[in-house]
Structure formats: C-alpha cells, structure tokens
Amino acid sequence: MSFSGKILDWYHINKRSLPWRDSTEPYKIWLSEIILQQTRVAQGTPYYLRFIETFPTVDDLANANEEQVLKLWQGLGYYSRARNLHAAAKMVVDDHGGKFPESYQQLLTLKGVGDYTASAISSICFNEPQAVVDGNVYRVLARYYGINTPINSTEGIKYFKSLAEKVMDPDHIRDYNQGIMEFGAIQCSPKKPLCLHCPFSDSCVALQKGLVDQLPVKLKKTKVRNRYFNYLIPIYKDTSGNQFTRLNQRIGKGIWQNLWEFPLLESKNALEIDDITIRYKEVLDTLQSVEILEYNENAIVHKLSHQHLHTRFWIIYTDTKFENQIPVEKITEFPVPVLIADFIKAFKF
DNA sequence: AAGTCGGGGAG
DNA sequence: CTCCCAGACTT
C-alpha cells in the first residue's frame with residue numbers, strides 16, 4: 001500500500017476526538033490552527049473552547065477590542081498570535097464581507113496565516129490539495145524516508161515541502177493532512193515513538209538503519225540572554241481602606257507587546273534594596289515612598305525561549321496618591337504575562 | 001539566513 | 001536539565 005494509504009488507514013482507526021475535528025467551518029478551523037501554532041493540543045484546547053464560547057463567530061471576534069482578546073489569550077504565549085488573530089478577524093469582516101477566503105493564496109494574505117496554516121485551512125475546509133508541513137510532518141517524513149537535511153534550513157524547508165506534496169493524497173487531502181499530523185503526534189512521537197507496532201515498520205528507513213532517535217535533524221538553537229527585572233509595586237491605601245496600585249502597558253517591540261505589568265526597573269545586574277531606594281524614582285518619579293519591602297529574596301527566574309528573566313518584586317508603600325493608580329481589585333481585568341499573574345495570585349493585595 | 005516571540009509538559 | 005509543541009514574522 002502507498003504511504004498515503006497507510007496514513008489514511010491509520011488515521012481512521014486512531015484519530016482523537018477533538019472539539020474542532022468534526023467541523024469544516026473556516027472560523028473554527030482557523031481559530032484552532034492559530035491557537036495550536038507551537039502549542040500542544042492539551043494546552044490549547046481549553047483556550048479554543050473559551051474563544052468559541054466568548055466569540056461564537058468571526059464577527060464577534062472582530063467587534064471585540066484587543067484588550068479582551070489578549071485577556072482571553074493570557075497564558076498561551078506568543079502574543080503576536082492574539083494580536084494577529086484579532087487583526088485577521090477584522091480583515092475577514094471588513095475586506096471579505098464576513099466570509100473567509102476559500103483559497104490557499106487568499107488565506108495567505110490574512111495576518112498570522114503562513115504557509116502551514118493556509119494549507120491546513122484550505123485543505124480541511126475546502127478540500128484544496130495543499131500539503132501541510134508542521135513539526136509532525138517534518139518528523140514523519142524525515143524518519144520514513146531517512147532524510148538528514150536540517151528541517152529548519154532553507155534547503156530543508158523547501159525539500160520537505162516538495163516531498164510532502166509528492167506523497168500526499170490529493171483526493172483525500174482533508175483526512176490525509178490531519179492523518180499525517182496525528183500520526184506524528186501519537187505514533188511517530190519525538191521521544192519513544194511506537195515503532196514496535198507501526199504500520200510502516202517494514203519500510204521506514206530510520207527504523208531499518210537505527211536512526212529513529214537521530215531524525216529529524218535540526219540546526220542548533222540560539223542562546224539565551226539574561227535580563228534583570230525589578231518590578232516595583234506601589235501601594236496606596238486611602239482613608240476608606242481602599243488599596244491602589246499601578247500597571248503600565250508594554251509598548252514597542254520585544255516581549256509581551258501590549259500586555260500590562262507593574263512599573264519595571266530593568267538593570268544590567270541584580271539590584272539590592274539600597275539600589276531600589278535610590279533608583280525607584282526612575283520609573284515612579286512622582287511617588288513619595290514611605291517604605292520599601294523586598295518581596296522575594298531570591299530572584300524568580302522566568303524562562304522564555306530566548307531570555308531568562310531574573311525577577312525581583314519590591315513593594316513600595318506610600319501615603320499619597322500617585323499617577324495612573326488603579327484599584328487593586330481591577331488588576332485581574334488586565335492581560336498580563338504569566339510572571340505577573342503568578343505574583344498577583346501569590347501576593348494577595 | 002538568522003533572530004525573535006511564551007509557556008508548559010515529557011523524559 | 002533539554003527538547004519541542006498542528007509557525008509566523010522581522011531584520
């Protein structure tokens with residue numbers, strides 16, 4: 001049997017039941033694909049369900065404000081996906097009359113939709129014969145055909161895309177595409193793949209040559225940068241006992257764009273309380289400090305793909321009002337990074 | 001072509 | 001600890 005035939009047979013027996021699986025609505029497929037970019041099904045599924053419940057149609061999503069979208073996205077990471085999701089929803093409503101474009105080429109014009117996602121939507125929703133190439137497909141093809149070209153090299157990207165197109169089943173593209181990805185996720189997994197009872201065990205090059213654990217080949221990752229974050233949490237209590245603090249929105253480039261955080265004093269090296277006492281005015285210039293408390297003695301190391309954030313939180317009590325103060329009970333309404341959300345949860349204002 | 005962008009779970 | 005996840009975008 002052909003490669004694609006075995007994939008299809010395997011898929012029909014082993015496919016998981018997923019919330020978006022039985023749908024061909026472009027909105028649902030698109031939403032699921034954006035959420036699942038670089039994200040495991042288990043992590044993304046609850047977000048998908050909340051998005052569908054909150055925004056049942058692309059029109060609802062387009063009419064939301066970015067703040068709502070980011071809040072719902074909070075904790076998923078890669079927040080440009082959420083901003084692009086919102087922008088693309090507006091494009092569908094404003095430029096396409098609320099109806100998703102129905103071709104690979106047209107789908108590519110949507111923000112946040114690249115080669116993989118356009119292939120996935122066009123094939124799953126419209127049966128357009130476009131081969132998907134995601135992390136699963138790279139792994140399955142590299143192993144089965146014994147290819148050691150690095151999957152993240154320019155040559156590898158081109159090679160695997162053309163190979164995927166060569167071996168796909170254009171007449172059953174909807175199930176074939178989902179099948180090869182499902183196969184990679186369940187059977188041909190990155191570690192400890194289930195080669196013992198695999199439908200390809202008699203023809204898999206990697207298995208026959210003992211190269212399963214060496215494929216696919218990937219160029220080395222970039223190194224990590226260390227940064228030192230000091231979050232200053234101003235707290236003012238008025239005569240009625242109401243507490244106020246402050247959040248700033250991150251702007252410009254870099255991590256956590258458009259998310260909110262406490263006033264941040266970043267430094268070249270770790271700071272101590274004496275440094276904070278002097279330098280807090282760099283980010284809270286008008287604040288009259290009464291008392292500064294060290295929240296965590298040992299820095300919390302928040303790890304991102306390219307950065308390690310050595311973070312300390314400093315509580316700054318004041319007896320006067322300050323600029324942009326917000327009631328502490330409102331802070332949960334703002335979209336914040338997990339690092340900040342964890343602090344808020346633990347601190348209990 | 002290389003860098004950037006999150007967070008979490010598996011091993 | 002390392003690796004990688006239904007990748008896209010910028011420089």
Side-chain angles (χ1 to χ4, degrees), chain A residues 11 15-16 18-21 28-48 70 73-85 87-88 107-121 123-124 130-140 150-158 160-161 164 176-186 188-193 213-214 216-225 227 250 252-259 301-309 335-342:
Chain A
Y11 181 58
K15 75 171 184 178
R16 290 170 290 183
L18 300 172
W20 52 87
R21 182 75 97 193
K28 291 184 176 176
I29 299 303
W30 164 70
L31 177 61
S32 72
E33 294 298 347
I34 301 298
I35 287 176
L36 292 175
Q37 285 170 7
Q38 295 294 287
T39 304
R40 293 173 192 282
V41 168
Q43 185 186 7
T45 297
Y47 285 84
Y48 171 83
L70 283 172
W73 197 273
Q74 179 177 310
L76 244 196
Y78 283 165
Y79 296 93
S80 65
R81 290 183 294 167
R83 298 189 302 271
N84 288 337
L85 183 84
L107 287 161
L108 267 183
T109 66
L110 296 177
K111 286 232 181 200
V113 175
D115 179 77
Y116 163 76
T117 305
S119 299
I121 300 172
S123 63
I124 295 172
Q130 294 286 345
V132 293
V133 184
D134 73 335
N136 294 305
V137 175
Y138 279 121
R139 186 169 54 254
V140 172
I151 61 172
N152 55 343
S153 65
T154 303
E155 182 190 356
I157 292 169
K158 274 182 64 179
F160 281 96
K161 177 72 179 179
Y176 169 79
N177 270 345
Q178 296 182 81
I180 189 171
M181 291 190 284
E182 191 85 332
F183 180 78
I186 305 294
C188 196
S189 47
K191 290 173 184 172
K192 305 187 103 178
D213 60 348
Q214 298 177 45
V217 174
K218 199 170 185 178
L219 264 33
K220 64 179 185 297
K221 62 182 185 303
T222 59
K223 52 183 178 186
V224 174
R225 174 164 67 115
R227 301 176 72 178
R250 290 186 70 93
K253 302 190 178 303
I255 58 172
W256 302 333
Q257 205 177 106
N258 294 10
L259 272 66
V301 184
H302 189 74
K303 296 180 177 179
L304 308 179
S305 347
H306 295 75
Q307 304 179 26
H308 286 183
L309 308 177
V336 298
V338 165
L339 176 63
I340 301 298
D342 286 347

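Just so it is clear, the values below take in all heavy atoms, side chains as well, and ignore hydrogens, waters and symmetry mates. Below, chains carry the letters A, B, ... as their sequence lines are ordered, and counting in each starts from 1.
- Annotation: side chain of Trp30(A) is not in contact with side chain of Leu107(A) (no heavy-atom distance under 4.5 Å).
- Residue Trp20(A) is classed as a base contact, given a heavy-atom separation below 4.0 Å to a base.
- The residue Ile35(A) sits apart from the nucleic acid: no heavy atom pair falls under 4.0 Å.
- Rounding to whole angstrom units, CG of residue Asp115(A) and P of dG7(C) are separated by 12 Å.
- Checked against dA6(C), dC9(C), dG7(C), the side chain of Asn84(A) finds its nearest nucleotide in dC9(C).
- Checking His308(A) against Val133(A), the closest nucleotide of DNA chain C that is more toward the 5' end is the one next to His308(A).
- Arg139(A) comes within contact range of the sugar-phosphate backbone alone, with a heavy-atom separation under 4.0 Å but no base atom that close.
- Straight-line distance from the NE2 atom of His302(A) to the C1' atom of dG7(B): 7 Å, rounded to whole Å.
- Rounded to whole Å, atom C1' of dC9(C) lies 18 Å from atom OH of Tyr79(A).
- Taking 4.5 Å as the limit, every side-chain heavy atom of Lys191(A) sits out of range of all side-chain heavy atoms of Asp213(A).
- You won't find any donor-acceptor pair under 3.5 Å spanning the side chain of Thr39(A) and the base of dG8(B), going by distance alone.
- The nucleotide whose nearest atom lies closest to any side-chain atom of Thr117(A) is, among dG7(B), dG7(C), dC3(C), dG7(C).
- Put simply, the side chain of Gln178(A) does not reach to within 4.5 Å of the side chain of Lys15(A), judged on heavy atoms.
- Residue Gly184(A) is out of contact with every strand shown, counting any heavy-atom pair closer than 4.0 Å.
- Nucleotides dC3(C) and dG6(B) place their C1' atoms 15 Å apart, quoted to the nearest Å.
- Side chain Ser305(A) to base dG6(B): a donor-acceptor pair is found below 3.5 Å.
- As a whole-Å value, the separation of Gln38(A) CD from dT4(B) P is 16 Å.
- Closest approach to the Trp256(A) side chain among dA8(C), dG6(B), dA1(B) is made by dG6(B) (side chain taken as heavy atoms from C-beta onward).
- Note: CG (Asp134(A)) to C1' (dC4(C)) measures 12 Å, nearest angstrom.
- We find that NZ of Lys253(A) is positioned 9 Å from C1' of dT11(C), with the value rounded to whole Å.
- Taking for each of Asp342(A) and Thr154(A) the nucleotide of DNA chain B with the nearest heavy atom, the 5'-most of the two is the partner of Thr154(A).
- Residue Arg81(A) contributes atom CZ, which lies 14 Å from atom P of dC5(C) at whole-angstrom precision.
- For His306(A), the side-chain atoms get nearest to dT4(B) when compared with the rest of dA6(C), dT4(B), dG6(B).
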- [ ] Let me see the working for Ser80(A) and Gln257(A) under side-chain hydrogen bond (donor to acceptor under 3.5 Å, both in side chains), right down to the final yes or no.
- [x] CA-CA 8 Å; Ser80(A) 65; Gln257(A) 205 177 106; over 6 Å; no
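- Within the 4.0 angstrom heavy-atom criterion, only backbone atoms of the sugar-phosphate kind lie near Gly254(A); the bases stay farther away.
- If you check dG7(B), dC5(B), dG9(B) against the side chain of Tyr78(A), the one that comes closest is dC5(B).
- Side-chain contact between Tyr138(A) and Pro150(A) is absent, with no heavy atoms from C-beta onward closer than 4.5 Å.
- Going from the C1' atom of dA6(C) to that of dG3(B) covers 23 Å, rounded to whole Å.
- Closest approach to the Leu18(A) side chain among dG7(B), dA6(C), dC5(B) is made by dA6(C) (side chain taken as heavy atoms from C-beta onward).
- Between Gln178(A) and Leu110(A), it is Gln178(A) whose nearest contact on DNA chain C lies nearer the 5' terminus.
- Nucleotides of DNA chain B nearest to Glu155(A) and Gln37(A) differ in position, and the one nearer the 5' end is that of Glu155(A).
- The residue Val137(A) sits apart from the nucleic acid: no heavy atom pair falls under 4.0 Å.
- Side chains of Glu33(A) and Tyr116(A): a donor-acceptor N/O pair is present below 3.5 angstrom, by distance only.
- Side chain to side chain, Arg81(A) and Thr39(A) meet the donor-acceptor criterion of an N or O pair below 3.5 Å.
- Counting non-hydrogen atoms under 4.0 angstrom, Gln257(A) reaches nothing in the nucleic acid.
- We find that CG of Leu339(A) is positioned 11 Å from P of dG8(B), with the value rounded to whole Å.
- When heavy atoms are screened at a 4.0 angstrom cut-off, Val132(A) is found touching no nucleic acid atom at all.
- No engagement by Ile121(A) is indicated, since no non-hydrogen atom pair under 4.0 Å with the nucleic acid exists.
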